[in-house]
Amino acid sequence: MSTIGERIMIERKKLGLSQEKLAAELNVSRQAIQKWETNASEPSVENLLSLVDFFHISTDKLLRGVSADEMYTGCREDMPDFEKWHAWESYSKSLNVEYSQSRDEGKDVAKYEALFSAAASMQDSKEKDDIADVIYSIVHNAPQVPDYKYTEPSDYDSIRALSDGYGHALKMPSDDVIADKIYGGWLGRICGCLLGKPVEGIMKAELDTILKRTGNYPLSRYLCREEMTPEVEQGIKFRIAARAYSEDMLRMPPDDDTNYILIGYELVKKYGRDFTSRDVMNTWIDTQPKNAYCTAERVAYRNFVNGYTPPTSGQYKNPFREYIGAQIRGDYFGYINPCDPQTASDMAFRDACISHIKNGIYGEMWVSAMIAAAFGTDSIESVILTGLSYVPRTSRFYEAVTEVVGDYENGMTEAEAFAKIRNRWNEAYGYHWCHTISNACIVAVSLLYGMKDYGKTVCLAVSPGFDTDCNAATAGSVLGVILGGSNIPPQWADRTGDTLCASLIGYQSVSIRDMAHKTLAYLQ
């Protein structure tokens, strides 16, 4: 059987090229070509990709002397259709996200940028998947850059050691007030999600245009299908008429942002307050189909069924490991731990680590601790900072949210605060659009500048774009606990018809008020 060097030489001669000519085409030295062809050395992964592209052959043909088609003749029906794999389930389809994520984590991968880019541009195929495996190995084993200024652990003990929390004095309200606040959390999250869901994924310029055309700018009410006329839609790429809901719908349709409150309820109901991360995994598998999960959660689900258990399930081939998914899952743990942010954040960690690492975990711990603190104080700054005290002070998350609070206290305007976020994060890039930190900053700004006005707060969370339903749901949940359900205005509450729909088995349609009442059984 021929060697890779012999195959390079054969392909070169087919094209009538000298070693010097091929070297010039690949931007390497003639000596490099000579060493490859004599098997004195082998091409790097980057040069291998260049050879494959230049010769117009498959990676398998160059490496093994036989193409994938030839190798699998007679059993091609056993090969997956790589093109139809969803990007959330195929590591090879998210290599650009992986590069951004790895750079932000401080991994020393900059020298591989061309490799990431070249592999990402390949047609979906077995060859691309094989190269993605090599890239995963590079990422997994990459050292930190020497000047990286953050320390961001993913294990509980290290997170706690680098956090300032654990010991907040909060005044416990009466049982009746607690019950109303729990209802406020449920209702506040659901109304916020209902507001943001129709425009999830829209770019701000188009959102502003729609709002202005419907007399709803600045945003102050739900978007209704009835007002999405052809004139409103003219020149708009986003399919707003199909996404907006009718005024008389009177229910919250299924959404992952609200499904997770029910999953939290089912988890604690079945396994108790001492549930483990494996219990969370089993609850996910038992209650919802795969397609109910997105980004990092879909990767984790894939890993579950392939035998990877927490915390490996959140790490293995997961380019979305710091996306917003965990940050939208922690509300229930806050609801069942009034004035106990430590226990709320502990529960949030057990949940988050099955699908996320580092700042992805911190986002859920922050939200859960904020909600728990919101039972004992009505100070927005205190709630945000209490939640933040359970996040490592050496992290990007802590730095970013602390900066938001500092800017507010120093007199920065609402418009300036949002502009600063949008200058740092690009809404048109999925990694920025869906990252935990960018969206946590939007939640913090919305809470601070919303001035404890429910409608203004959730509308602020939607107005800058990014993950509109997630951010309005989280801000609405925190403020809903502070205000109590009885103080959420009817213009927001009535639209739900006291009905939450979900994709969970056994929870397809439930009463919001009833679920809030059932939550009381699981308080400490």
Side-chain angles (χ1 to χ4, degrees), residues 87-88 188-259 291-292 294-295 323-324 328 415 418-419 421-422 425-435 438-439 442-443 445-446 450 454-476 489 491-497 499-503:
W88 296 341
R189 181 165 193 83
I190 291 164
C191 292
C193 186
L194 185 59
L195 174 67
K197 185 175 173 64
V199 290
E200 181 184 16
I202 197 171
M203 297 293 104
K204 179 171 171 55
E206 287 201 334
L207 174 59
D208 288 349
T209 298
I210 291 168
L211 296 179
K212 289 174 182 177
R213 289 176 180 177
T214 56
N216 192 12
Y217 184 87
L219 180 64
S220 61
R221 55 178 169 78
Y222 289 115
L223 295 88
C224 299
R225 180 170 294 172
E226 287 80 3
E227 61 185 341
M228 302 305 165
T229 63
E231 291 76 20
V232 169
E233 285 199 292
Q234 185 176 5
I236 300 294
K237 295 179 181 179
F238 191 82
R239 298 176 64 247
I240 186 61
R243 294 288 301 272
Y245 300 113
S246 297
E247 290 182 275
D248 60 357
M249 185 180 68
L250 301 182
R251 66 182 182 278
M252 174 65 210
D255 188 89
D256 57 343
D257 290 87
T258 48
N259 285 345
N291 288 347
C294 306
T295 59
Y323 270 23
I324 195 176
I328 68 173
F418 279 132
I421 294 170
R422 293 179 59 80
W425 302 88
N426 175 13
E427 66 173 338
Y429 180 31
Y431 173 73
H432 284 198
W433 182 92
C434 208
H435 200 278
S438 56
N439 289 288
I442 290 173
V443 169
V445 170
S446 303
Y454 179 82
K456 182 176 181 180
T457 297
V458 293
C459 287
L460 284 177
V462 171
S463 296
F466 288 82
D467 205 335
T468 53
D469 59 336
C470 291
N471 295 334
T474 298
Q491 78 167 92
W492 301 103
D494 291 353
R495 185 72 178 277
T496 69
T499 303
L500 171 62
C501 300
S503 58

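From a predicted model like this one, the values you see are computed outputs, not experimental measurements.
Summarising the geometry of Leu460 relative to Gly450, their closest heavy-atom pair is CD1-N, 3.7 Å, with the distance given to 0.1 Å. Taking both residues in full, the closest heavy atoms of Ala502 and Asn259 are given as CB-OD1, 3.2 Å, listed atom of the first, atom of the second, then distance. In this structure, Arg495 and Cys224 approach most closely via the heavy-atom pair NH1-SG, 3.9 Å. Residues Tyr454 and Pro489 come closest through the heavy atom pair CB-CD, 4.1 Å. Here the shortest heavy-atom pairing between Pro253 and Thr258 reads O-OG1, 4.4 Å. In this structure, Ala461 and Ala475 approach most closely via the heavy-atom pair CB-CB, 4.3 Å.
Gln491 has its side chain within reach of Arg221: a pair of non-hydrogen atoms, C-beta onward, lies under 4.5 Å apart. Within the 4.5 Å cutoff, the side chain of Ile202 has heavy atoms near those of the Ile210 side chain. Counting heavy atoms from C-beta outward, Thr496 and Leu500 have side chains that stay 4.5 Å or more apart. Using a 4.5 Å cut-off on side-chain heavy atoms (C-beta onward), Arg422 and Lys204 make contact. For the pair Thr214/Leu223, no side-chain contact is recorded, criterion being any heavy-atom separation below 4.5 Å from C-beta on. Residues Thr499 and Leu250 form no side-chain contact, since every pair of their non-hydrogen atoms from C-beta on lies 4.5 Å or further apart. Contact annotation: the side chain of Glu227 never approaches that of Ile240 to less than 4.5 Å [non-hydrogen atoms, C-beta and beyond]. With contacts defined as side-chain heavy-atom distances shorter than 4.5 Å, the pair Ile442/Ser438 does not qualify.
Heavy atoms of other residues, nucleotides or ligands lying less than 6.0 angstrom from CZ of Arg243 number more than 12.
Taken to the nearest 0.5 Å, the NZ atom of Lys237 stands 7.0 Å off from the CD atom of Glu206. Atom OG of Ser503 sits about 10.0 Å away from atom CG of Asn291, to the nearest 0.5 Å. Between the CD atom in Glu200 and the CZ atom in Phe466 there is a gap of 14.0 Å [rounded to 0.5 Å]. To the nearest 0.5 Å, atoms CZ (Arg189) and CG (Asp469) are separated by 9.0 Å. In this structure, the separation between SG on Cys470 and CG on Asp255 is 7.0 Å, given to the nearest 0.5 Å. Atom OH of Tyr222 and atom NZ of Lys197 lie 13.5 Å apart (nearest 0.5 Å).
The pair Asp208-Lys212 fails the salt-bridge criterion, with no side-chain N (NZ, NE, NH1 or NH2) lying under 4.0 Å from an Asp/Glu carboxylate O.
Remark: the backbone N or O of Val462 is not paired with any side-chain donor or acceptor of Thr468 at under 3.5 angstrom. Listed for the Thr229 side chain is a donor-acceptor partner under 3.5 Å among the backbone atoms of Val232. Checked by atom type and distance alone, the side chain of Arg225 pairs as donor or acceptor with a backbone atom of Ala242 at under 3.5 Å. Side-chain atoms of Glu226 come within 3.5 Å of backbone N or O of Glu247 as a donor-acceptor pair. Under the 3.5 Å distance criterion, the side-chain polar atoms of Asn216 are matched with a main-chain donor or acceptor of Ser220.
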Verdict with reasoning, Ile324 to Asn471, per side chain to side chain contact (heavy atoms under 4.5 Å, CB included): CA-CA 10 Å; Ile324 195 176; Asn471 295 334; 3.8 Å; yes
Go through the steps to decide whether Met228 and Ile236 satisfy the test side chain to side chain contact (heavy atoms under 4.5 Å, CB included), and finish with yes or no. CA-CA 11 Å; Met228 302 305 165; Ile236 300 294; over 6 Å; no
Check step by step if side chain to side chain contact (heavy atoms under 4.5 Å, CB included) holds for Trp492 and Leu195. CA-CA 9 Å; Trp492 301 103; Leu195 174 67; 4.0 Å; yes
With side chain to side chain contact (heavy atoms under 4.5 Å, CB included) as the test, would you mind laying out the steps for Leu194 and Tyr245 before giving the verdict? CA-CA 9 Å; Leu194 185 59; Tyr245 300 113; 3.9 Å; yes
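Note: Tyr429 and His432 have tilted aromatic rings, judged against thresholds of 30 and 60 degrees for the angle between ring planes.
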